[in-house]
Amino acid sequence: MAQDRGVTPRSENYSQWYLDVISHGDLIDDSPVRGCKVLKPHGYAIWEAMQRDLDDRFKATGHVNAYFPLFIPMSFLSREAEHVEGFAKECALVTHHRLRASADGGVEPDPASQLEEPLVIRPTSETMIWHMYGRWIDSWRDLPILVNQWANVVRWEMKTRPFLRTAEFLWQEGHTAHATRAEAEEETSRMLDVYASFAEEVLAIPVLRGRKSARERFAGAVETYTIEAMMQNGWALQAGTSHFLGQNFARAFDVTFQSEAGERELVWATSWGVSTRLVGAVVMTHSDDEGLVLPPALAPVQVVIIPVYKNKDRETVMAAVDALHAQLEGRVRVRVDDRDNLRPGAKYYEWEHKGVPLRLEVGPRDVKRGAAFAKRRTGGDKFAIPFEGAVERVEEILAEVQQALLETARRRLDERTYAAESWDDFVRLIEEQPGFYQIPWGGDDADEDRVKDATKATLRCYPLKQPPIEGLTCPLTGKPAREWAIFARAY
RNA sequence: ACGGCUGUGGCGCAGUCUGGUCAGCGCGCCGCUCUGGGAGAGCGGAGGUCGCAGGUUCGAGUCCUGCCAGCCGUACCA
């Protein structure tokens, strides 16, 4: 079934391409539970690599990790009015704590074990954490609290897509408490910058920093800041958010502190998070019609060495492979594929599908001339890398590939950021030419809804970098322009 | 959640309309041999209560009902 081994081309069916890349890359498997996926070792390794790098960045900015419970008393969710409205529709509940044998031979909840108050499986942890912060915060000397947690959360989504939207997902959520508004605002912006530089430096995904409109803002936040990435089909993907929560949660959970001046004041809050959705962002940003492409800085395996030999050459080839492996190990993430039941060609395809940035082939001819035969995952002809000094050359190549991926993605973001002259113009263009539309926006919430109803495009953000807008008129509403806004179709 | 389509060994499918050698094909998998620079070949094997539960019938993969899951579209959302 040679024809079934490939990936559906992007041009033919972009959604199917995405699913094919993930399945050929061996990242995920279906689970028996609706909307829940299994992260297979290669998929999880990508998330682990993200975790490691992000965790270092959080620590470097003064944060510490902690862990809060999965179960939240249902009454907590109702404390903050907007928050409950935002999440009520997608909460899973635990109502019993015991099963018993049922008449049909199976099991059923034991009615006697019904909980007095159902527990919500956390869709996010603001409520639990602010309940706890109430116990921890007494004086200005207890502040700031800069805590992050790595956790799973559950949001009962109707429509799921691997990595981009699943019922259960892995993420980190930072929750900080501050004595002043300015300090909390500064934290919000600092963490947005952490996300943006992580996305660009490690994931090779250029992002647009912006502020969410009221309609798109996190339920319970005063302001939500976002990094928006552009996928290869021109759709936007919210890749991370940082929220200025004001005093909303402090008020809801009655968290006050005594200031230096001796006054009782409400605590200021932020929260910020990124999730396994970022794996989907990487897949969609860099992969091609051959399959997965991983940026070297993120790739669990950066270099794979494939021995090529006839039986009579086995020993000499393997000696050279082992020497090369020893040279690279510790400097780059390298793996030797010495499986004897596959021919080299089959291995090439497999590792290409898994997104490994660089492949080194070592056969009798290579041993003779003292160089490995190399191939970049991202294209170009095969080329020789002399065994001597190979590790430096390999590191150079990985750095080049990393850079090239970022540049390609950045070019796409730039080239596909458009303007629209009028409502009709916009409605037509967003369909024919998906991308980011930079609009001098003058509309209100209702106008925003009208755009969405007509085009499915949403106001992704108000970019933090705002060109002058004085005197411009909003092409979509005819009203005086207030602020530049990005509109796009989004995941 | 709504509408359309789909569910048959691990994967991709044929068979369903017209109920009765209809449990089949390709790939993959296991064993051996020859092989080995882009998905190798030969020979020999293993593997399926036909998504689940009821119903109609002498007889159900095939017909009926319900449920579950997946895909596409729509609505909602990180």
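Below, all heavy atoms of this structure are taken into account, side chains as well, without hydrogens, waters or symmetry copies.
- Contact annotation: A:Arg343 reaches the phosphate of B:rG37 (side-chain N/O to OP1 or OP2, under 4.0 Å).
- Nucleotides B:rG9 and B:rC25, compared at atom P, are 15 Å apart to the nearest Å.
- Residues from residues 292-306 of chain A placing a heavy atom under 4.0 Å of any atom in RNA chain B do not occur.
- The side chain of A:Asn311 has B:rU35 as its nearest neighbour among B:rG38, B:rC72, B:rU35.
- Summary of the strand contacts: A:Tyr491 and A:Asp30 both lie near RNA chain B, and taking for each the nucleotide with the nearest heavy atom, the more 5' one is attributed to A:Asp30.
- Of the residues in residues 446-457 of chain A, those placing a heavy atom less than 4.0 Å from an atom of RNA chain B are A:Lys452, A:Lys456, in numerical order.
- Not one side-chain nitrogen or oxygen of A:Lys89 sits closer than 4.0 Å to the OP1 or OP2 atom of B:rC76.
- Under the 4.0 Å criterion applied to side-chain N and carboxylate O atoms, A:Arg376 and A:Glu400 are assigned as salt-bridge partners.
- Within residues 359-367 of chain A, the residues having any heavy atom under 4.0 Å from RNA chain B are, by residue number, A:Arg359, A:Glu361, A:Gly363, A:Pro364, A:Arg365, A:Asp366.
- One atom, CH2 of A:Trp156, and another, P of B:rA1, lie 11 Å apart when rounded to the nearest Å.
- Of all the heavy atoms in A:Asp288 and A:Trp17, the pair that sits closest is O-NE1, 3.0 Å.
- At a threshold of 4.0 angstrom between heavy atoms, the contacts of A:Leu164 include nucleobase atoms, whether or not backbone atoms are also involved.
- In this structure, A:Glu216 atom CD and B:rA78 atom C1' are separated by 11 Å, rounded to whole Å.
- Annotation: A:Trp272 is not in aromatic contact with A:Trp171 [ring centroid separation under 6.0 Å not met].
- Nucleotides B:rG44 and B:rC63 are separated by 37 Å at their P atoms, to the nearest Å.
- One interatomic measurement links the two molecules: CG of A:Leu19 to P of B:rG70, which rounds to 12 Å at whole-angstrom precision.
- The minimum heavy-atom distance between A:Ala204 and A:Thr285, with the atom names listed, is O-CG2, 4.5 Å.
- Using C1' as the reference atom, B:rC58 and B:rG51 are 27 Å apart when rounded to the nearest Å.
- Between A:Arg450 and A:Glu448, no side-chain nitrogen of the basic residue sits less than 4.0 Å from a carboxylate oxygen of the acidic one, so the salt-bridge criterion is not met.
- If you find the closest nucleotide of RNA chain B to A:Pro344 and to A:Pro162, the one lying nearer the 5' end belongs to A:Pro344.
- A:His353 places its NE2 atom 16 Å from the P atom of B:rG38, with the value rounded to the nearest Å.
- Nucleotides B:rC22 and B:rG15 have their P atoms positioned 14 Å apart, rounded to a whole Å.
- To the nearest whole angstrom, the two C1' atoms, one in B:rA78 and one in B:rG3, are 26 Å apart.
- Comparing the C1' positions of B:rC50 and B:rG19 gives a spacing of 15 Å, expressed to the nearest Å.
- B:rA78 atom C1' lies 12 Å from atom CH2 of A:Trp47, rounded to whole Å.
- When each of A:Glu216, A:Glu228, A:Glu223 is paired with A:Arg211, the salt bridge (charged side-chain N to carboxylate O under 4.0 Å, His left out) condition holds for A:Glu223 and for no other.
- You'll find that the side chain of A:Lys159 is closest to B:rG73, out of B:rG73, B:rG38, B:rA78.
- Classification of A:Arg428 and A:Asp424 as a salt-bridged pair fails, no side-chain N sitting under 4.0 Å from a carboxylate O.
- When A:Asp29, A:Asp26, A:Asp30 are each tested for a salt bridge (charged side-chain N to carboxylate O under 4.0 Å, His left out) with A:Lys40, only one passes: A:Asp26.
- Comparing the C1' positions of B:rC43 and B:rU35 gives a spacing of 15 Å, expressed to the nearest Å.
- Distance CG (A:Asp337) to P (B:rG37): 14 Å, rounded to an integer number of Å.
- Atom CG in A:Leu342 sits roughly 8 Å away from atom P in B:rC29 (whole-Å rounding).
- Within the 3.5 Å criterion, the main-chain N or O of A:Ala252 finds a donor-acceptor partner in the side chain of A:Arg79.
- Put simply, A:Tyr348 does not rest on the base of B:rG38: the two rings are not both less than 5.5 Å apart at their centres and under 30° in tilt.
- Atom P of B:rA60 sits at a distance of 40 Å from the matching atom of B:rG31, rounded to the whole Å.
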